[in-house]
Amino acid sequence: MRAANQIVAGVLQELQTMAAPGVATADLDAAVEARVLAAGATPAFKGYRGYPASLCASINDEVVHGIPSPRELVQGDIVSLDVGVLLEGFYGDSALTVAVGEISDEAETLLRVTEEALELGIAEVRVGSRVSDIGHAVQRHVEAQGLSVVREFVGHGIGSKLHEEPQIPNYGEPGRGPRLAEGMVLAIEPMVNVGKPAVRVLDDGWTAVTRDGSLSAHFEHTVAVTADGPEVLTRRSSDVSAVAAGSAAPAS
Ligand code: MF3
Ligand code: CO
């Protein structure tokens, strides 16, 4: 799982620099597929319940599961980039939201708070804590900043399937749900809206958008529960949050 997830981390790090004005999300998708195959892995999303691409690219009011298209990114956009791979029977899954050129203060705050919420959720991961401790930490931080947490999509266990038990909501009371045990691996993925939490799915059957048209961000890490606390398997070398959150990166 370390190997699968580090392929995902490397791909996302590359996408971070590629996502610029004039680049189509279909071009990013092609880059993801080429890079994943070159690494000896398989894109996990392509063909999953009929999903047509290797990347989910969700722009501005799109929350998750945006389908790559010839639409070009423009200065001021934010775009969530979500990548999954399968390597030797095990899955990796991670997402981040990037700024395309200069973005508004509102968008900057949204990205910062969503990533902070993910790190606060990760900080709850230890042997013996409960699944809902994660979502509680996420929700508390997001709502304290006047933003809202999406309810319709949740994080998940991950391993020899992309989606395993338990579901990991990004909201709720602490102290509920299964206890975390050593060796469990969790994909934690807060989705945060500037406006109200409600979302709807477009006629393409995939793209989730905010009902009120407000901006939305999404960050996701795959995290192992170890005796020493959380091990973030999708940590990027470019990522400075690791130090701030005190969570270990995987040995490579
Ligand atoms: N990271 C998302 C998830 O874990 C992406 C799934 S896209 C799909 O649910 F196409 F595979 F459904
Ligand atoms: Co996921």
Side-chain angles (χ1 to χ4, degrees), residues 1-18 25-58 64-68 80-96 118 121-122 125-127 131 134 153-168 178 180-189 206 218-239 241-242 247-252:
M1 294 212 59
R2 287 192 178 105
N5 281 286
Q6 278 296 295
I7 292 170
V8 175
V11 171
L12 287 180
Q13 193 156 318
E14 223 166 88
L15 288 182
Q16 246 174 331
T17 59
M18 284 182 69
T25 54
D27 299 337
L28 298 177
D29 180 57
V32 170
E33 179 158 355
R35 178 80 164 66
V36 169
L37 294 174
T42 312
F45 301 163
K46 199 168 192 170
Y48 181 89
R49 299 183 180 214
Y51 185 75
S54 302
L55 170 72
C56 297
S58 310
V64 286
H65 305 163
I67 299 173
S80 158
L81 303 166
D82 190 348
V83 171
V85 307
L86 173 63
L87 178 74
E88 293 171 23
F90 292 95
Y91 282 90
D93 188 10
S94 183
L96 52 72
L118 171 57
I122 292 169
V125 172
R126 69 186 80 88
V127 173
V131 162
I134 297 168
F153 300 97
V154 297
H156 49 96
I158 176 170
S160 55
K161 290 191 293 185
L162 176 61
H163 296 134
E164 297 184 354
E165 293 293 305
Q167 293 198 352
I168 307 172
L180 303 187
E182 195 174 353
M184 290 175 72
V185 184
L186 310 172
I188 303 174
E189 50 180 318
W206 282 102
H218 173 218
F219 284 82
E220 174 178 25
H221 274 308
T222 292
V223 181
V225 182
T226 81
D228 302 323
E231 180 178 326
V232 180
L233 302 185
T234 44
R235 190 64 81 192
R236 298 174 294 279
S237 52
S238 61
D239 193 345
S241 316
S247 56
S252 46

Backbone N/O of [Y] and side chain of [X]: donor-acceptor pair under 3.5 Å:
{"X": "Ser160", "Y": "Gly89", "answer": "no"}
{"X": "Asp93", "Y": "Gly84", "answer": "no"}
{"X": "Gln6", "Y": "Arg235", "answer": "yes"}

Rounded to the nearest 0.5 Å, what separation is found between the [atom1] atom of [X] and the [atom2] atom of [Y]?
{"X": "Thr222", "Y": "Ile158", "atom1": "OG1", "atom2": "CD1", "value": "4.0 Å"}
{"X": "Ser238", "Y": "Leu96", "atom1": "OG", "atom2": "CG", "value": "8.0 Å"}
{"X": "Arg126", "Y": "Glu182", "atom1": "CZ", "atom2": "CD", "value": "14.5 Å"}
{"X": "Leu162", "Y": "His156", "atom1": "CG", "atom2": "NE2", "value": "5.5 Å"}
{"X": "Leu180", "Y": "Thr226", "atom1": "CG", "atom2": "OG1", "value": "11.5 Å"}
{"X": "Leu12", "Y": "Glu220", "atom1": "CG", "atom2": "CD", "value": "9.0 Å"}

| task | Tell me whether the centres of the aromatic rings in Tyr48 and His163 are closer together than 6.0 Å. | result |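 Between His163 and Tyr48, which both carry aromatic rings, the centre distance is below 6.0 Å.
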
| task | Could you walk me through whether Leu15 and Val83 pass side chain to side chain contact (heavy atoms under 4.5 Å, CB included), step by step? | result | CA-CA 10 Å; Leu15 288 182; Val83 171; 4.1 Å; yes

| task | Only counting residues at least two apart or in another chain, list the ones meeting side chain to side chain donor-acceptor pair (under 3.5 Å) with Ser80. | result |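 Applying side chain to side chain donor-acceptor pair (under 3.5 Å) to Ser80 gives His218.
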
Smallest separation among heavy atoms of [X] and [Y], with atom names:
{"X": "Leu186", "Y": "Ile168", "answer": "CB-CD1, 3.6 Å"}
{"X": "Ser54", "Y": "Asp29", "answer": "N-OD1, 2.8 Å"}
{"X": "Leu86", "Y": "Ala44", "answer": "N-CB, 4.3 Å"}
{"X": "Ile67", "Y": "Tyr51", "answer": "CA-OH, 3.7 Å"}
{"X": "Val36", "Y": "Pro43", "answer": "CG1-N, 3.6 Å"}
{"X": "Ala53", "Y": "Pro68", "answer": "CB-CD, 3.6 Å"}

| task | Please check if atom CD in Gln167 has more than 12 non-hydrogen atoms from other residues, nucleotides or ligands closer than 6.0 Å. | result |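 No, the 6.0 Å shell around CD holds no more than 12 heavy atoms from other groups.
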
Is the closest side-chain heavy-atom distance between [X] and [Y] below 4.5 Å?
{"X": "Phe45", "Y": "Asp82", "result": "yes"}
{"X": "Val185", "Y": "Glu164", "result": "no"}
{"X": "His221", "Y": "Pro230", "result": "no"}
{"X": "Trp206", "Y": "Cys56", "result": "no"}

| Test side-chain contact (heavy atoms from CB on, under 4.5 Å) applied to Val223 and Asn5, Ile134, Ile188, the passing residue |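 Only one of Asn5, Ile134, Ile188 forms a side-chain contact (heavy atoms from CB on, under 4.5 Å) with Val223, namely Ile188.
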
| Out of Ile122, Asp239, Leu118, which one pairs with Val232 under the side-chain contact (heavy atoms from CB on, under 4.5 Å) rule? |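 The option that passes is Ile122.
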
